[in-house]
Amino acid sequence: MSRYSRILGTGSCLPPTVVGNDELAARLARDGIDTSDAWIVERTGIRQRYFADPGTSSVDLGEQAARRALDAAGLMATDVDLIICATSTPDMIFPSNAALIQGRLGASGSAVFDVQAVCAGFVYALAIADQFIRGGLARRALVIGAEVFSSILDFKDRTTCVLFGDGAGAVVLGASDAPGVLATALHGDGSQASILCTPGRVRDGAVSGTPFLHMDGQAVFKQAVHVLERVAREVLDKAGRSAADVDWMVPHQANIRIMLHTARKLGIPPERVVQTVAEHGNTSAASIPLALDVAVRSGQVRRGDTLLLEAVGGGLTWGAALLDY
Ligand code: UT7
């Protein structure tokens, strides 16, 4: 009998402050930086993003998302034996966000670690949790994506600061005799690290190098449209399914043009693509579980639907997962 993992519940959390494009453009204008709602919408599809206040961290957001996912699954934190948090904006150098969230949930005993695969982090974490469950190392896992990207944005760099937002999403994954996760695929290309990075590091009590996000947007765009289609086909092939079997594509929400281009190449109609980029902006590792939770709670995604998740991010890293929800 095959052993699978399947999603038992989803949850998410957004900080309370919404910043629309016009408001952001007005803030940047005070520093002589020129941008506009029209540019941001046309190039990215983003209309607003949520920013955490300085006192709110990715652990705060991740904890709330985790609690909501556990509630949706009808489980207690102590029912979980693995917690993975995907994040590039952790609260501390160590311990991990997963450990800090576990401490708050009062779930001591489970395995805890973070995954650092930037915007592909949630797909990486989901694939790892799936392997833990299939391999018998865990029965139930909390898989969280939590970010406060506003903390690493340079608000003097219009090419990046208009793109990102803060938030968290989570799923509870549990062992199941029926699928569940059908196939996953993960890839990376470290030779392209410099096109999307935050190179600062802590050394001798200070940050050496810039602690701000840097991106060559066009270079990442070109890679994204190439690798996302390929990795999506890879999981479909592995699972013996076709794009026609996909009820919902739940892509990383970086840019509506990339999301819809990939869907079109795969033959998935735009109305089958879960789209939250307009409301959330790019929340990196949080974007897929956030989008999934919105789609589940709004009734878009239903039990039995086949979902295609895909993401690309700094590293470069990229990956996809195909699952029956
Ligand atoms: O989440 C991880 C993965 N990340 C991604 O997938 C992001 C991939 N890249 C992208 O989504 C797009 O490349 C961007 C949205 C970042 C940029 O869109 P683009 O269509 O590639 O624009 P561009 O970089 O070619 O810039 C076009 C013009 C430039 O001006 P010139 O050289 O044509 O005069 C930029 O200086 O737009 C200018 N520009 C802006 N103008 C107004 C760049 N940022 C802004 C801005 N407001 N915020």
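Because the structure is predicted, anything quoted here is derived from the model rather than measured. Start at 1 and go down the list; that is how both ligands and their atoms are numbered.
- For R67, the CZ atom is densely surrounded, since the number of other residues' heavy atoms within 6.0 Å is greater than 12.
- Side-chain contact between L82 and S110 is absent, with no heavy atoms from C-beta onward closer than 4.5 Å.
- Neither the backbone nor the side chain of T160 comes within 4.0 Å of ligand 1, counting heavy atoms alone.
- Nearest protein neighbour of atom 27 (C) of ligand 1, counting heavy atoms only, is R43 NH1, 3.5 Å.
- Within the 4.0 angstrom cut-off, atom 1 (O) of ligand 1 has one or more protein heavy-atom neighbours.
- Of all the atoms in ligand 1, the ones that sit under 4.0 Å from a non-hydrogen atom of T44 are 15 (C).
- Side chain of W318 to backbone of A224: no donor-acceptor contact under 3.5 angstrom is found.
- Taking a distance limit of 4.0 Å, we find that atom 31 (P) of ligand 1 is approached by no protein heavy atom.
- The C119 neighbourhood of ligand 1 comprises atoms 1 (O), 2 (C), with distances under 4.0 Å to a heavy atom of that residue.
- In summary, the atoms of ligand 1 found under 4.0 Å from a heavy atom of A254, numbered by their order in the structure, are 1 (O), 5 (C), 6 (O).
- The closest donor-acceptor contact from the side chain of E310 to the backbone of A320 lies at 3.5 Å or more, if one exists at all.
- No hydrogens or angles considered: nothing links the side chains of R49 and N282 as a donor-acceptor pair under 3.5 Å.
- Note: H280 and Y50 have perpendicular aromatic rings, judged against thresholds of 30 and 60 degrees for the angle between ring planes.
- Within ligand 1, counting atoms from 1 as listed, the ones closer than 4.0 Å to a heavy atom of N282 are 1 (O), 2 (C).
- Of the heavy atoms in I258, only side-chain atoms (C-beta onward) come closer than 4.0 Å to ligand 1.
- In terms of protein heavy atoms, atom 9 (N) of ligand 1 is closest to G217 O, 3.0 Å.
- Taking all heavy atoms of L228, L316, N255 into account, the minimum distance to atom 11 (O) of ligand 1 is reached by N255.
- Atoms of ligand 1 lying under 4.0 Å from any heavy atom of R257, numbered from 1 in the order shown and given with element: 18 (O), 19 (P), 20 (O).
- Within 6.0 Å of NZ in K156 there are 12 or fewer heavy atoms belonging to other residues, nucleotides or ligands.
- When atom types are taken as modelled, the side chain of S5 and the backbone of L173 share no donor-acceptor pair closer than 3.5 angstrom.
- Heavy-atom contacts from other residues, nucleotides or ligands closer than 6.0 Å to CZ of R201 number 12 or fewer.
- Both the backbone and the side chain of F221 come within 4.0 Å of ligand 1, counting heavy atoms alone.
- Counted within 6.0 Å of CZ on R302, heavy atoms from surrounding residues, nucleotides or ligands total 12 or fewer; the atom is thus considered open.
- You'll find the ring centres of F51 and F155 inside the 6.0 Å limit.
- Per-residue contacts place V312 under 4.0 angstrom from the following atoms of ligand 1 (heavy atoms of the residue considered): 2 (C), 3 (C).
- Counting non-hydrogen atoms of other residues, nucleotides and ligands closer than 6.0 Å to CZ of R303 gives a total above 12.
- In this model, no donor atom of one side chain and acceptor atom of the other lie less than 3.5 Å apart for E147 and S58.
- Ligand 1 lies within reach of L196, whose nearest heavy atom is under 4.0 Å from it.
- Protein heavy atoms are absent from the space less than 4.0 angstrom from atom 34 (O) of ligand 1.
- Ion pairing between a basic and an acidic side chain is recognised when a charged N comes within 4.0 Å of a carboxylate O; D324 and R241 show such pairing.
- The protein heavy atom nearest to atom 29 (C) of ligand 1 is R158 NH2, 4.9 Å.
- Taking all heavy atoms of D34, T35, L28 into account, the minimum distance to atom 47 (N) of ligand 1 is reached by T35.
- Near V162, meaning under 4.0 Å from any of its heavy atoms, are these atoms of ligand 1: 48 (N).
- At the top of the distance list for atom 25 (O) of ligand 1, counting protein heavy atoms only, stands Q218 NE2, 2.5 Å.
- Ranking protein heavy atoms by distance to atom 16 (C) of ligand 1, first place goes to L163 CD1, 3.8 Å.
- Scanning all protein heavy atoms for the shortest distance to atom 4 (N) of ligand 1 gives V220 CG1, 3.6 Å.
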Practice problem: Go through the steps to decide whether R230 and E234 satisfy the test salt bridge (Lys or Arg N to Asp or Glu O under 4.0 Å), and finish with yes or no. | Solution: CA-CA 6 Å; R230 214 172 48 189; E234 185 180 344; over 6 Å; no
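- Nearest protein heavy-atom contact of atom 40 (C) of ligand 1 is W39 CE2, 3.3 Å.
- For atom 44 (N) of ligand 1, a protein heavy-atom neighbour is present inside the 4.0 Å cut-off.
- In summary, the atoms of ligand 1 found under 4.0 Å from a heavy atom of T159, numbered by their order in the structure, are 43 (C), 44 (N).
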